[in-house]
Protein chains: 2
Amino acid sequence: MHNDLKNENPVLDGIDRRLVETLTANARTTTADLARQVGMSAPSVADRLRRLEESGVIRAYTLDVDPVALGYTLEAIVRIRPLPGQLRHVEGLIQEIPEFVECDKVTGDDCFIARVVLRSISHLDGILERVTEYAETNTAIVKAHTVRRRLPPLR
Amino acid sequence: MHNDLKNENPVLDGIDRRLVETLTANARTTTADLARQVGMSAPSVADRLRRLEESGVIRAYTLDVDPVALGYTLEAIVRIRPLPGQLRHVEGLIQEIPEFVECDKVTGDDCFIARVVLRSISHLDGILERVTEYAETNTAIVKAHTVRRRLPPLR
DNA sequence: AATGAAAGTGTTTATCC
DNA sequence: GGATAAACACTTTCATT
């Protein structure tokens with residue numbers, strides 16, 4: 001049995017957890033509304049948010065934008081294995097191509113795993129052509145979002 | 001040449017783009033601040049945000065929470081290929097295990113590509129043991145975030 | 001679609017516990 | 001860490017263009 005699941009000293013207390021959960025659902029919830037929800041004063045809630053920001057738990061308040069509504073009707077996960085000596089170049093290329101909306105450097109055969117959003121299959125082809133000059137790629141088209149980005153357990 | 005890159009009828013005009021970019025950086029920017037930035041009145045900006053929400057471009061105002069600050073010091077990408085007849089079961093399992101913070105159903109050999117956050121290697125082992133009863137898995141440890149979640153081109 | 005004005009709310013700072 | 005109170009700022013609605 002590993003001990004890291006029954007966390008005796010959770011980073012967040014129950015009130016912080018409720019604040020984080022509510023703001024994850026709507027980051028524009030007013031401090032006054034948050035305060036009413038948790039039964040505290042607005043200044044106390046503002047203080048807690050400041051601490052959550054300073055401790056790095058809240059990295060940013062951001063937007064969830066739907067790529068489909070912007071015309072990116074196709075999404076793919078591309079595994080990328082740079083050719084010998086091309087790692088830095090490939091890394092820069094991924095960072096430069098804005099259709100790559102996310103990319104992780106990972107262990108194993110594939111050096112990078114990236115998410116790309118596209119307007120069409122020909123758009124995908126155009127981008128892969130730029131990458132395959134310097135790397136082997138393996139592309140999987142996204143058919144459905146089984147789990148949408150969500151919070152991990154907060155304790 | 002494919003026509004979908006030189007988008008003649010962009011979904012968003014220049015002002016909408018600035019609103020979306022500013023809110024992506026800080027979703028709690030006040031409507032009054034947004035209005036000053038784009039040189040409009042606050043009610044006009046509020047109207048535009050309402051339209052961006054109703055058209056589905058803004059799916060939600062949300063939080064970017066750092067898993068590391070919550071003690072999830074390890075992150076992995078797991079490719080999952082359910083054993084024959086286990087697809088539905090595996091899908092449910094991934095949805096139930098909260099450490100899977102994201103999962104896409106994709107074409108190709110791997111049926112699912114998931115992101116998992118973990119407190120330790122033994123934590124990873126415990127979760128993979130639950131999955132490997134019903135699926136073959138292939139795990140890549142995330143070494144770095146080459147491209148952090150970002151907006152695709154807005155035109 | 002956008003504006004200005006006004007009423008209603010929310011935020012912030014200082015002070016106290 | 002948390003509360004209250006007051007000054008200041010923001011939001012929302014409505015009439016107007």
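Chain naming here is simple, since letters A, B, ... match the order of the sequence lines and numbering starts at 1 in each.
Distance from the side chain of B:M40 is smallest to C:dA2 among C:dT11, C:dA2, C:dA5. When the nucleotides C:dG10, D:dG2, D:dT11 are ranked by their closest atom to the side chain of A:R48, D:dG2 comes out on top. Comparing D:dT13, C:dT11, D:dT4 by their closest approach to the side chain of A:T31 singles out C:dT11. Considering only the side chain of B:D33, D:dC10 comes nearest among D:dT12, C:dA2, D:dC10. Listed nucleotides C:dT3, D:dG1, C:dT11 differ in distance to A:R51; the shortest reach to its side chain belongs to D:dG1. The side chain of A:P43 lies closest to C:dT12, out of C:dT3, C:dT12, D:dG1. Of the candidates C:dT3, D:dG2, D:dC10, the closest approach to any side-chain atom of B:S41 belongs to C:dT3.
Side chain of A:R28 to main chain of B:A27: a donor-acceptor pair is present (N/O by atom type, distance under 3.5 Å, no hydrogens or angles). Remark: the backbone N or O of A:F112 is not paired with any side-chain donor or acceptor of A:D110 at under 3.5 angstrom.
When each of B:R28 and B:D13 is assigned the nucleotide of DNA chain C with its nearest heavy atom, B:D13 is the one assigned upstream, toward the 5' end.
For the pair B:D47 CG and C:dT3 P, the interatomic distance rounds to 10 Å; values are reported in whole Å. Regarding B:L49, its CG atom lies at a distance of 10 Å from the P atom of D:dT11, rounded to whole Å. For the pair A:L34 CG and D:dG2 P, the interatomic distance rounds to 14 Å; values are reported in whole Å.
Using a 4.0 Å cut-off, no side-chain N or O of B:S44 falls inside it from OP1 or OP2 of C:dA1.
Salt bridge A:E75/A:R115: present, at least one basic N to carboxylate O contact under 4.0 Å.
When B:R155, B:R18, B:R48 are each tested for a salt bridge (charged side-chain N to carboxylate O under 4.0 Å, His left out) with B:D13, only one passes: B:R48.
Nucleic acid contact class of A:T30 (heavy atoms, under 4.0 Å, all strands): sugar-phosphate only. At the heavy-atom level, B:R36 lies under 4.0 Å from the strands shown only through sugar-phosphate atoms.
Few gaps surround CZ on B:R150; more than 12 heavy atoms of other groups in view lie less than 6.0 Å from it.
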